[in-house]
> 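Questions regarding the structure given below will be posed in turn.
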Amino acid sequence: MERASARPLTRRPLVTLLTAAALAASGLTALTSAARAADADLARNGGFESALDGWTCTAGTTVTSPVHGGTAALKATPAGADNARCAQTVSVKPDSQYTLSGYVQGTYVYLGASGTGTTDVSTWAQSAPDWKQLTTTFRTGPSTTKVTIYTHGWYGTGAYHADDISLTGPGGETGQPPAVPGGLKTGSVTSSSVALSWSPVPGATGYAVYRDGTRVSTVTGTSTTVSGLTPSTAYSFQVTAVNDAGESARSATVTATTAQRPDDGGGSSGLPAHALVGYLHASFANGSGYTRMADVPDSWDVIDLAFGEPTSVTSGDIRFERCPVTECPNVESDAEFKAAIKAKQAAGKKVLISIGGQNGQVQLTTTAAARDTFVSSVSAIIDEYGLDGLDIDFEGHSLSLNADDTDFKNPKTPVVVNLISAVKTLKAKYGERFVLTMAPETFFVQLGHQYYGTGKWGGQDPRAGAYLPVIHALRDDLTLLHVQDYNSGPIMGLDNQYHSMGGADFHIAMTDMLLTGFPVAGDAGNVFPPLRPDQVAIGMPASTQAGNGHVSPAEVTKTLNCLTKKTDCGSYATHGTWPALRGLMTWSINWDRYANWEFQKNFDAYFG
């Protein structure tokens, strides 16, 4: 797997502490007893007892150990170009004295304040193996009414901890929280989503959306769509209005019941409850040898023909060429191949054309040319061989985000927008029975938890997380997502720990992210919604020769036990249990045959 690491930001010089002489010269020590009497701790949830309430963190979570006081503390992990900053904005009085204090553990941990109107301040601990108190002071400017306090680590270092952060000084004019939103109502309801809208509230800077009493998103407008829902299920929704002074009470409740999933459509498409997906080397041979379609065992429920490839990277003109006799001496004729496909379909199997692969770079840069050509050429392949649908296996540089494309819910990049449009056109043409699957690499999906595109400051690989807008836009049309949990570097999970290939924990952590949802680029207010468990299969190599990251059948079984039964979970704690998990995908059927069908036999033994 070709990977390009995000370039770190330009290193800034370490901030030094203000000297005592400078403090004295600016009169910062001349507090009267009356002024001290009016001081209060203005930091909200400084002990992190209420999770991250009040704080905005790029890569933070709360832990119960170690803690300095109370029952919780902040743990944040710098990675790549992210220094794991956690911050909150506080109302203050102009021309007033403040003391910022907190306790930290770790290497190169910073505590500071910005927007002071005078001199922004910061203090840091180079090395704090045990809790160490950091303290700094500042005076606000003559017109300053808000400051931002923050803590962060340093690039390339490990996780740091912070606790009991306080900002002591006279409180500012906080105003009043906004009024309760009115007019909440439901709009379009599908099998997996509910659209909501409500009336605007004067003075609100945002709105929090609650589903069944749990906060699920924060938006700036007066409408949103809550996705990732279960078909034929009743849900309740409320919203609150938010500003700098706080959050309003919750609105009146509205309820909606999601639609029943259409028979043989979208997320079902006639697949068994647990499906085995495999790629068949149909256009080439390698060390695994050629396998004829008729010789694929009945255990395989979805057979992806590898691969349809473009005539050029940007043409959109996809061609599927059968393996030539010179390369595959035992290849069947076109007539035999088509007859075998029909026989598989008669037995309830799905046969798809897989577009892309390692060598098939596809960039739909234009609408009238590449996008429309993609639709017509893929349709021609589907029609010629009587196929059930399409597998999108775009790798390498097929998908890349433009620098101004920062919102996975509203993509701007032409290659992304045109791919979404092309697939929707194909789905509309073939109807609900059209099977749509995707096989992205972890770099394009789960890595989006940390990095999305070029990032806020630029310099990151623009391909990071680039599949997320495609998956999100097509989630109601998507039959299966089977991320390639192989040929991957370490990926940070929802526990903010890095997970590497080689055991069940990697597959558990990567799959848990898809079924739970995850913040994109560490933004807790911008969450990629979970997929339904019946839309998810786990991608694994069939043998050690098939790809890096192969695990033994025992580790495959541990993975399935943890995700479907919550047993054998190892060190990673999942956020749920999903007995409806669809199944497994492997690269490839050919390599599994080469390995005496080890992967298939383990699947059959597990699911019966």
Side-chain angles (χ1 to χ4, degrees), residues 9 11-12 14-18 39-92 98-116 120-138 146-169 449-450 456 492-498 519 521-525:
L9 298 175
R11 301 299 195 257
R12 294 169 289 182
L14 300 180
V15 180
T16 57
L17 295 174
L18 296 174
D39 288 351
D41 183 3
L42 308 179
R44 176 179 172 182
N45 188 31
F48 300 96
E49 305 302 319
S50 300
L52 295 179
D53 180 47
W55 296 90
T56 299
C57 301
T58 60
T61 187
T62 53
V63 295
T64 57
S65 179
V67 298
H68 175 262
T71 60
L74 169 70
K75 179 181 179 180
T77 307
D82 178 19
N83 61 13
R85 173 185 167 105
C86 283
Q88 69 170 265
T89 300
V90 181
S91 294
V92 294
Y98 292 88
T99 299
L100 176 63
S101 179
Y103 291 84
V104 300
Q105 274 192 23
T107 303
Y108 291 105
V109 191
Y110 290 74
L111 178 69
S114 61
T116 63
D120 291 348
V121 296
S122 176
T123 181
W124 60 287
Q126 181 175 0
S127 178
D130 298 314
W131 288 110
K132 179 177 181 179
Q133 186 177 25
L134 298 178
T135 303
T136 186
T137 59
F138 62 89
K146 295 182 186 298
V147 298
T148 298
I149 60 174
Y150 62 85
T151 181
H152 68 73
W154 198 247
Y155 311 97
T157 61
Y160 72 88
H161 295 81
D163 201 3
D164 296 332
I165 296 174
S166 65
L167 179 67
T168 306
H449 176 38
Q450 279 185 280
K456 295 179 180 179
M492 180 179 285
L494 291 176
D495 57 353
N496 287 327
Q497 301 297 314
Y498 283 99
D523 183 354

> Is the backbone N or O of G69 less than 3.5 Å from a side-chain atom of D163, with the two atoms forming a donor-acceptor pair by type?
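Checking the backbone N and O of G69 against the side chain of D163, a donor-acceptor pair under 3.5 Å is found.
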> Do V63 and H161 make a side-chain contact, defined as non-hydrogen atoms from C-beta onward lying under 4.5 Å apart?
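Side chain of V63 against side chain of H161, heavy atoms only: contact under 4.5 Å found.
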> Where do F138 and L167 land on the side-chain contact (heavy atoms from CB on, under 4.5 Å) test, with the steps shown first?
CA-CA 10 Å; F138 62 89; L167 179 67; 3.8 Å; yes
> List the residues meeting side chain to side chain donor-acceptor pair (under 3.5 Å) with T157, not counting sequence neighbours, and say none if there are none.
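With sequence neighbours excluded, T157 shows a side chain to side chain donor-acceptor pair (under 3.5 Å) to no residue whatsoever.
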> Drop me the distance from Y98's OH to L42's CG, to the nearest 0.5 angstrom.
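With rounding to 0.5 Å, OH (Y98) is 6.0 Å from CG (L42).
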> Determine the minimum heavy-atom distance between Y160 and H152, stating which atoms define it.
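Smallest heavy-atom distance, with atoms named: OH-CA, 3.3 Å.
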> If you measure from CD1 on I149 to OG1 on T116, what distance do you get to the nearest 0.5 Å?
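The OG1 atom of T116 is 13.0 Å from CD1 of I149, to the nearest 0.5 Å.
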> Can you name the nearest heavy-atom pair linking Y150 to V121, along with the distance?
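Closest pair (atom of Y150, atom of V121, distance): OH-O, 3.9 Å.
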> Dump the intermediate steps for side-chain hydrogen bond (donor to acceptor under 3.5 Å, both in side chains) on K146 and S91, then the final yes or no.
CA-CA 4 Å; K146 295 182 186 298; S91 294; 3.2 Å; yes
> With no hydrogens and no angle check, do the side chains of S101 and S166 hold a donor and an acceptor under 3.5 Å apart?
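Short answer, no.
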> Starting at CG of L100, measure out to OG1 of T135 and round the result to the nearest 0.5 Å.
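So the gap between those two atoms works out to 8.0 Å.
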> Which heavy-atom pair separates R44 from W55 by the least distance, and what is that distance?
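For R44 and W55, the tightest heavy-atom pair comes out as O-NE1, 3.3 Å.
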> For the pair L52 and L74, evaluate side-chain contact (heavy atoms from CB on, under 4.5 Å) and give the outcome as yes or no after the intermediate values.
CA-CA 8 Å; L52 295 179; L74 169 70; 3.9 Å; yes
> Quiz question: by atom type and distance under 3.5 Å, do the side chains of E49 and T71 form a donor-acceptor pair?
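Side-chain D/A pair, E49 to T71: present.
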> Give the ring-plane orientation class for W124 versus Y108, where under 30° counts as parallel, over 60° as perpendicular and anything between as tilted.
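Ring orientation of W124 relative to Y108: parallel.
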> Examine distances only and state if a side-chain atom of N45 and a backbone atom of D53 form a donor-acceptor pair shorter than 3.5 Å.
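Present.
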> Would you give the length of the straight line joining atom CE of M492 to atom OH of Y498, rounded to the nearest 0.5 angstrom?
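It comes to 4.0 Å.
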> Give the minimum heavy-atom separation between K132 and A125, together with the two atoms involved.
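Heavy atoms only, the tightest pair is CD-CB, 4.1 Å.
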> Kindly state each residue pair satisfying salt bridge (Lys or Arg N to Asp or Glu O under 4.0 Å) with at least one member in residues 65-81, sequence neighbours excluded.
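Listed by first then second residue: nothing to list.
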> Quick check: closest heavy atoms across A73 and P66, and the distance to 0.1 Å?
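Smallest interatomic distance, heavy atoms only, reads CB-O, 3.5 Å.
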> Supply the atom-to-atom distance F48 CZ to T62 OG1, rounded to the nearest 0.5 angstrom.
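With rounding to 0.5 Å, CZ (F48) is 9.0 Å from OG1 (T62).
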> Just how far is it from atom CG of L111 to atom OG1 of T123, taken to the nearest 0.5 Å?
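These two atoms lie 7.0 Å from each other.
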> Quick one: do V90 and Q88 satisfy side-chain contact (heavy atoms from CB on, under 4.5 Å)? Show the steps, please.
CA-CA 6 Å; V90 181; Q88 69 170 265; 3.8 Å; yes
> Check for a donor-acceptor pair, side chain of D39 on one end and backbone N or O of T168 on the other, with a separation under 3.5 Å.
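No; judged by distance alone, with no hydrogens or angles, the pair does not exist.
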> By salt bridge (Lys or Arg N to Asp or Glu O under 4.0 Å), which residues pair with D120, not counting sequence neighbours?
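Salt bridge (Lys or Arg N to Asp or Glu O under 4.0 Å) list for D120, sorted by chain: empty.
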> Would a distance-only check, ignoring hydrogens and angles, find a side-chain to backbone donor-acceptor pair under 3.5 Å from H449 to L494?
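No; judged by distance alone, with no hydrogens or angles, the pair does not exist.
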> Using every non-hydrogen atom in the two residues, find where Y110 and S122 come nearest and quote the distance to one decimal.
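Smallest heavy-atom distance, with atoms named: CD2-OG, 3.7 Å.
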